[in-house]
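Keep in mind that what you see is a predicted model, and the values were worked out from it rather than measured.
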Amino acid sequence: MKLPDKRARILWWCATVCRIVLAATFIFSGFVKAVDPWGTGIKIGEYLAAFEMEWLYGWRFGISIWLNGAELMMGLMLLFKVRIRLVSIFATAAMLFFTILTFAIAIWNPVEDCGCFGEAIKLTNWATFVKNLILLPMSVFVLWSSRKMPAMPTLKDGAFMLLFGSIAFGIGIYSYHHLPLIDFLPYKIGTNLPEAMSVPSQNDVETLVIYRDRETGREREFELGDTTWYDGSRWEFVDTKTVSIRNSVHPSVRDFAIFDQGDFITQEILDDPGVVYMICASELSDIQKKCERRLAMAVQQAEERGYRVMCLTAEPLNIYPGIMLGGHYVECYNMDATTIKTMIRAKVGVVVLKGGTIIDKVNCRDMLDKGELPDYGIR
């Protein structure tokens with residue numbers, strides 16, 4: 001057998017390294033986003049708003065699952081050299097598109113964070129562009145090196161593609177209908193909120209909410225602690241933005257704020273040594289009949305055990321001071337919709353606190369029809 005010459009061996013090693021680096025990036029990036037399709041969907045919504053494509057807003061979660069699954073599947077196919085010629089074409093086309101897109105985003109800065117690695121790693125827009133600028137020639141080189149690969153698929157290729165597709169898209173679909181398989185969010189189970197809120201940071205950001213005066217049409221920025229914007233009859237939500245500040249608490253949980261008709265009761269909840277059921281529904285219309293029945297049973301069990309129960313929503317309290325779940329009245333409290341969606345990736349769910357620590361999170365879909373939740377001990 002004739003050994004390849006030195007130049008051929010060098011090209012082969014270079015192509016192999018480029019393929020593995022590209023595959024590892026796609027797998028990591030696709031996986032950390034596939035386990036949190038809600039987060040990617042929210043980021044896609046920001047992009048759609050920035051590029052005035054709101055007509056696609058209703059498809060943002062479907063797009064999220066498809067994009068994340070396709071990226072993860074491409075990474076797996078590159079790693080195991082399945083249809084390498086075909087997948088390298090798609091990888092190069094994807095890298096070319098996203099390199100151009102991230103360059104435009106880095107210049108105009110319509111969104112603060114690209115979201116390319118989900119909640120796991122935050123990159124600036126320019127860092128994202130540089131990353132893509134490095135990966136683009138790698139994908140081109142892999143495509144060039146695969147030009148002599150067979151174009152026709154084999155039965156083995158088809159089996160691997162089916163397996164990788166089932167894994168890649170299955171993760172996204174499962175995480176959308178339940179909760180993220182791996183929680184990269186700041187409100188993960190086990191987080192002690194008072195401790196997390198006390199972590200100092202030299203360079204931090206503050207979230208501002210932008211509302212439009214329904215009478216004058218003028219827009220105004222509010223801090224989360226300013227309760228003026230809770231008057232839904234006057235103010236209409238427009239957007240959120242972040243600004244740099246210094247000497248603040250850790251940004252991940254700083255936005256955890258609960259209001260009761262304008263009164264700030266966050267500390268009261270965090271200081272409660274007992275168990276607190278926080279029913280989270282940024283829009284109360286999301287509580288469907290089956291979910292309502294499950295929540296009613298959970299509320300009944302909580303009351304029997306002496307737990308405190310509250311509903312967190314972004315709805316105006318002057319219209320929705322409380323909700324009826326079965327025969328149980330649950331008082332509503334205000335929290336920013338973005339914070340609710342960060343705390344639990346579900347339309348409706350329950351976050352359980354005990355002594356200021358998050359001890360459980362449950363999607364309403366995952367509650368039994370009896371509404372059962374674990375017994376978290378004596379209040």
Side-chain angles (χ1 to χ4, degrees), residues 34-42 45 60-61 64-65 118-119 171-191 193 252-253 255-258 266 269-270 272 275-303 305 307-315 320 322-326 328 330-354 356-376:
V35 298
D36 183 19
W38 283 84
T40 308
I42 292 171
R60 63 193 185 283
F61 293 115
S64 167
I65 294 173
E119 296 292 334
I171 290 173
I173 293 171
Y174 176 89
S175 298
Y176 174 77
H177 286 288
H178 302 280
L179 287 178
L181 283 173
I182 300 177
D183 197 346
F184 294 105
L185 296 165
Y187 296 97
K188 62 174 65 70
I189 294 175
T191 299
L193 294 177
S252 59
V253 291
D255 295 339
F256 184 85
I258 304 175
T266 308
I269 302 302
L270 295 179
D272 192 326
V275 177
V276 181
Y277 275 16
M278 299 189 299
I279 299 171
C280 299
S282 55
E283 297 182 15
L284 297 177
S285 59
D286 288 332
I287 303 178
Q288 302 298 318
K289 289 295 183 182
K290 184 178 289 188
C291 180
E292 181 181 341
R293 183 170 64 250
R294 294 169 177 174
L295 290 174
M297 293 298 296
V299 171
Q300 179 178 334
Q301 294 163 11
E303 292 179 349
R305 296 167 182 170
Y307 299 162
R308 178 172 183 172
V309 182
M310 60 195 304
C311 176
L312 301 181
T313 181
E315 304 275 19
Y320 302 100
I323 56 174
M324 289 297 298
L325 295 173
H328 306 274
V330 178
E331 192 169 356
C332 287
Y333 298 85
N334 270 145
M335 177 176 278
D336 177 61
T338 301
T339 305
I340 293 176
K341 293 173 184 176
T342 303
M343 191 159 55
I344 186 166
R345 296 302 205 200
K347 284 187 176 181
V348 183
V350 178
V351 176
V352 185
L353 286 183
K354 187 173 185 179
T357 298
I358 298 175
I359 60 173
D360 203 2
K361 295 199 289 188
V362 185
N363 189 323
C364 195
R365 292 175 181 268
D366 297 322
M367 298 170 64
L368 301 176
D369 283 333
K370 293 183 179 180
E372 292 181 355
L373 288 174
D375 189 341
Y376 302 105

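- Within the 4.5 Å cutoff, the side chain of Asp183 has no heavy atoms near those of the Ile189 side chain.
- With Cys311, the cysteine Cys280 has an SG gap of 2.5 Å or longer.
- The backbone N or O of Asp36 lies less than 3.5 Å from no partner atom in the side chain of Arg345, so there is not a single donor-acceptor pair.
- To the nearest 0.5 Å, atoms CG (Leu353) and NZ (Lys361) are separated by 11.0 Å.
- At least one donor-acceptor pair under 3.5 Å links the side chain of Ser64 to the backbone N or O of Pro37.
- Judged by distance alone, with hydrogens and angles left aside, the side-chain atoms of Asn334 form a donor-acceptor pair with the main-chain N or O of Thr313 at under 3.5 Å.
- In this structure, Glu119 contributes its side chain and Gly39 its backbone to no donor-acceptor pair below 3.5 Å.
- Note that OG of Ser282 is 10.0 Å distant from NZ of Lys347, once rounded to the nearest 0.5 Å.
- A pairwise comparison of heavy atoms in Ala298 and Leu373 identifies CB-CD1, 4.2 Å as the closest pair.
- Of all non-hydrogen atoms in Thr342 and Leu185, the two that sit nearest each other are O-CD1, 3.3 Å.
- Atom CD of residue Gln301 and atom CG of residue Asp375 lie 9.5 Å apart, to the nearest 0.5 angstrom.
- Between the NZ atom in Lys188 and the CE atom in Met343 there is a gap of 14.5 Å [rounded to 0.5 Å].
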Q) Run the side chain to side chain contact (heavy atoms under 4.5 Å, CB included) check on Tyr187 and Val351 step by step: do they pass? A) CA-CA 10 Å; Tyr187 296 97; Val351 176; over 6 Å; no
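- Annotation: side chain of Glu331 is not in contact with side chain of Met310 (no heavy-atom distance under 4.5 Å).
- The heavy-atom pair separating Ala314 from Ala337 by the smallest distance is CB-CB, 3.9 Å.
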Q) Can you list the steps and then say if Val330 with Tyr277 is a side chain to side chain contact (heavy atoms under 4.5 Å, CB included)? A) CA-CA 11 Å; Val330 178; Tyr277 275 16; over 6 Å; no
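- The main-chain N or O of Gly190 is never found under 3.5 Å from a side-chain atom of Thr357 such that the two would form a donor-acceptor pair.
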Q: Let me see the working for Ile279 and Leu325 under side chain to side chain contact (heavy atoms under 4.5 Å, CB included), right down to the final yes or no.
A: CA-CA 11 Å; Ile279 299 171; Leu325 295 173; 3.7 Å; yes
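- Judged by distance alone, with hydrogens and angles left aside, the side-chain atoms of Lys341 form no donor-acceptor pair with the main-chain N or O of Thr338 at under 3.5 Å.
- Taking CE from Met278 and CD1 from Ile340, the interatomic distance works out to 10.0 Å, rounded to the nearest 0.5 Å.
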Q: Evaluate the criterion side chain to side chain contact (heavy atoms under 4.5 Å, CB included) for residue pair Leu295 and Val350; output intermediate values, then yes/no.
A: CA-CA 9 Å; Leu295 290 174; Val350 178; 3.8 Å; yes
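- Using cut-offs of 30° and 60° for the angle between ring planes, the Trp38 and Tyr176 rings count as parallel.
- One finds the CZ atom of Arg365 at 10.5 Å from the CG atom of Leu179 (value rounded to the nearest 0.5 Å).
- Across Ile42 and Phe61, no two heavy atoms sit closer than the pair N-CE2, 4.5 Å.
- Shown here for Thr191 and Pro186, the closest heavy-atom pair between the two residues is OG1-O, 3.4 Å.
- For the pair Gln288/Val348, no side-chain contact is recorded, criterion being any heavy-atom separation below 4.5 Å from C-beta on.
- With Lys354 contributing its side chain and Ile359 its backbone, the two residues share no donor-acceptor pair below 3.5 Å.
- When atom types are taken as modelled, the side chain of Tyr307 and the backbone of Val352 share no donor-acceptor pair closer than 3.5 angstrom.
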